[in-house]
Amino acid sequence: MDFNPYKRFYDVIRKIPPGRVATYGQVARLAGMPAHARQVGYGLSHAKDYALPWHRVVNAKGEISRRGAPGAKEKQQTLLEKERVEFSPQGRINLSRYQWHVGRE
DNA sequence: GGTCTGACTAGGT
DNA sequence: AACCTAGCCAGAC
């Protein structure tokens, strides 16, 4: 079992309930590392062997962040829509409505 | 050890 | 609202 330095982020991400989203910066703050928003995204690309609801993490604008793999963006949106998260025609999520707040469902 | 990169952000225009 | 910039920090070379 290999130790992964991003485990703290994963622990936070695992707590995001279905139908809710969290931002990279939010995950970093909840993990006690407020200046590591970029590392959250970087760590997720390394998280293949972990069962994580990675699709519930979006950027501060409520958009799905770009990455190398084509099609991954559509996949993430599909997964969220299955949880009844709504997207605007421009592919944005209304964070004031869907952002996760600790202690709240 | 310097430089570049990137699933990020906040603040200014 | 879109665009730009500076600040951010671990990894890869």
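So that the names make sense, note that chain A is the first sequence line, chain B the second, and so on, each numbered from 1.
Look at CZ on A/R8: it is 15 Å from P on C/dC9, rounded to the nearest Å. Rounded to an integer number of Å, the gap from OH of A/Y6 to P of B/dA7 is 13 Å. Rounded to whole angstrom, the span from the NZ atom of A/K75 across to the C1' atom of B/dA7 amounts to 14 Å. Separating the CZ atom of A/R29 from the P atom of B/dA10 is a distance of 7 Å, rounded to the nearest angstrom. Protein atom CE of A/M33 is 13 Å distant from nucleotide atom C1' of C/dC8, rounded to whole Å. Rounded to whole Å, atom C1' of B/dG6 lies 13 Å from atom CG of A/L44. Rounding to whole angstrom units, OH of residue A/Y24 and P of C/dA10 are separated by 19 Å. Atom-to-atom, CG of A/L80 to P of B/dA7 comes out at 18 Å; the value is rounded to the nearest Å.
Between A/E83 and A/R20 there is no salt bridge, since no side-chain N of the basic residue sits under 4.0 Å from a carboxylate O of the acidic one.
With the nearest nucleotide of DNA chain B identified for both A/Q39 and A/N59, A/Q39 has the one nearer the 5' end. Closest-nucleotide positions on DNA chain C for A/A35 and A/Y42 were compared, and the one nearer the 5' end corresponds to A/A35.
Here A/H36 reaches the OP1 or OP2 of C/dA10: one of its side-chain N or O atoms lies under 4.0 Å away. Side-chain N/O atoms of A/S65 include one lying less than 4.0 angstrom from OP1 or OP2 on B/dC8.
Side-chain contact check for A/Y24 and A/Q39: no donor-acceptor pair (N or O, by modelled atom type) lies under 3.5 Å. Side-chain contact of A/Q77 with A/H55: a donor-acceptor pair under 3.5 Å is absent, judged by distance alone.
No side-chain heavy atom of A/K82 sits under 4.5 Å from any side-chain heavy atom of A/P18. When side chains are defined from C-beta on, A/L52 counts as touching A/R14, because their heavy atoms get closer than 4.5 Å.
Two different hydrophobic clusters hold A/I64 and A/L79 under the rule that ILVMFWY side chains link at heavy-atom gaps under 4.5 Å.
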Check: residues 26-37 of chain A side-chain donor-acceptor pairs under 3.5 Å, at least two apart:
residue: A/Q26; atom: OE1; partner: A/T23; partner atom: N; Å: 3.2
residue: A/Q26; atom: OE1; partner: A/Q99; partner atom: NE2; Å: 2.9
residue: A/Q26; atom: NE2; partner: A/W100; partner atom: O; Å: 2.8

Using a cutoff of under 3.5 Å, can you pull out all pairs of nitrogen or oxygen atoms linking the protein to nucleotides 5-7 of chain C, with atom names and distances?
residue: C/dG7; atom: O6; partner: A/R38; partner atom: NH1; Å: 3.4

